[in-house]
Amino acid sequence: YKRQYQRRVHGGKKMEEICSTGHNIDQPIVTRSEYTLLDIVDDFLSLMDDNNETKDDLKCPDGELGDRLREAVEKEKDMVLTVIAAMGQEAVVSMKERQE
């Protein structure tokens with residue numbers, strides 16, 4: 001038997017799967033991207049990637065992270081967000097102030 005541990009991309013819940021060594025275990029393709037936070041409009045993030053392409057379809061997260069993002073926009077801080085994408089869903093997982 002083999003064990004596989006993983007943390008859910010959206011929600012952070014830890015998962016465990018036990019499977020016979022003769023079976024395959026599917027794993028999602030996960031991508032990590034960084035974007036510059038431009039603004040928050042109608043609770044959607046306005047982001048820009050390194051190629052100056054904008055992205056406006058990601059909802060501002062709830063909770064502490066969302067509150068920190070709104071505060072950063074109010075104070076006009078230059079923030080970089082890390083976005084994780086998997087299985088057709090995207091989520092902001094962290095933010096940091098851009099260092100010049």
Side-chain angles (χ1 to χ4, degrees):
Y1 290 96
K2 60 183 169 182
R3 283 186 182 198
Q4 174 179 338
Y5 296 97
Q6 55 189 332
R7 191 165 298 277
R8 288 191 51 129
V9 174
H10 307 291
K13 184 178 177 184
K14 187 175 181 178
M15 308 292 286
E16 175 183 8
E17 183 172 1
I18 301 173
C19 184
S20 172
T21 55
H23 291 92
N24 293 330
I25 298 176
D26 293 330
Q27 293 183 342
I29 297 171
V30 179
T31 59
R32 175 185 298 259
S33 304
E34 288 193 342
Y35 295 93
T36 300
L37 176 62
L38 302 175
D39 200 1
I40 300 175
V41 179
D42 295 329
D43 214 31
F44 282 86
L45 303 174
S46 180
L47 308 172
M48 185 171 59
D49 65 14
D50 291 337
N51 297 322
N52 294 328
E53 297 287 326
T54 57
K55 177 177 182 57
D56 300 307
D57 61 349
L58 194 58
K59 191 161 175 46
C60 186
D62 295 327
E64 181 184 345
L65 182 57
D67 293 341
R68 290 176 45 213
L69 288 170
R70 288 181 189 88
E71 182 181 329
V73 168
E74 287 175 14
K75 293 182 178 181
E76 298 182 1
K77 292 184 177 180
D78 191 9
M79 303 302 294
V80 177
L81 309 184
T82 301
V83 175
I84 297 288
M87 302 182 304
Q89 297 181 359
E90 294 179 301
V92 177
V93 294
S94 68
M95 62 183 273
K96 63 183 176 185
E97 193 164 357
R98 183 180 303 279
Q99 301 297 319
E100 298 293 327

Working for salt bridge (charged side-chain N to carboxylate O under 4.0 Å, His left out), residues Asp42 and Lys59
CA-CA 9 Å; Asp42 295 329; Lys59 191 161 175 46; over 6 Å; no
So Leu38 and Leu47, side chain to side chain contact (heavy atoms under 4.5 Å, CB included) or not? Walk me through it.
-> CA-CA 5 Å; Leu38 302 175; Leu47 308 172; 6.0 Å; no
| request: Apply the test side chain to side chain contact (heavy atoms under 4.5 Å, CB included) to residues Val80 and Gln99: give CA-CA distance (whole Å), side-chain angles for both, the deciding distance (0.1 Å), then the verdict. | output: CA-CA 10 Å; Val80 177; Gln99 301 297 319; over 6 Å; no
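Atoms OG1 and CZ, from Thr36 and Arg98 in turn, are 3.5 Å apart once rounded to the nearest 0.5 Å. In this structure, CD in Glu71 is found 10.5 Å from CD in Glu64, a value given to the nearest 0.5 Å. To the nearest 0.5 Å, atoms CG (Asp78) and CD (Glu97) are separated by 7.5 Å. For the atom pair SG (Cys60) and CZ (Arg68), the distance works out to 11.5 Å, reported to the nearest 0.5 Å. A distance of 15.5 Å separates NZ in Lys77 from NZ in Lys96, rounded to the nearest 0.5 Å. With rounding to the nearest 0.5 Å, the separation of OG in Ser94 from CD in Glu34 is 7.5 Å.
Cluster annotation: Met95 is connected to Leu37 through the hydrophobic network of ILVMFWY side chains, with a link wherever side-chain heavy atoms come within less than 4.5 Å. The cluster map of Ile, Leu, Val, Met, Phe, Trp and Tyr, joined by side-chain heavy atoms under 4.5 Å apart, puts Leu65 and Leu58 in the same cluster. When hydrophobic clusters are built by joining Ile, Leu, Val, Met, Phe, Trp and Tyr residues whose side-chain heavy atoms come closer than 4.5 Å, directly or via intermediates, Leu81 is grouped together with Val73.
Using a 4.5 Å cut-off on side-chain heavy atoms (C-beta onward), Thr82 and Ser33 make no contact. Residues Gln89 and Met87 form no side-chain contact, since every pair of their non-hydrogen atoms from C-beta on lies 4.5 Å or further apart.
Summarising the geometry of Val83 relative to Tyr35, their closest heavy-atom pair is CG2-CD1, 3.7 Å, with the distance given to 0.1 Å. Glu90 approaches Ala85 most closely through the heavy-atom pair CG-CB, 3.7 Å.
Screening Asp57, Ile40, Asp39 for a side chain to side chain contact (heavy atoms under 4.5 Å, CB included) with Ser46, the sole residue that qualifies is Asp39.
Surrounding CZ of Arg32 are at most 12 heavy atoms belonging to other residues, nucleotides or ligands under 6.0 Å away.
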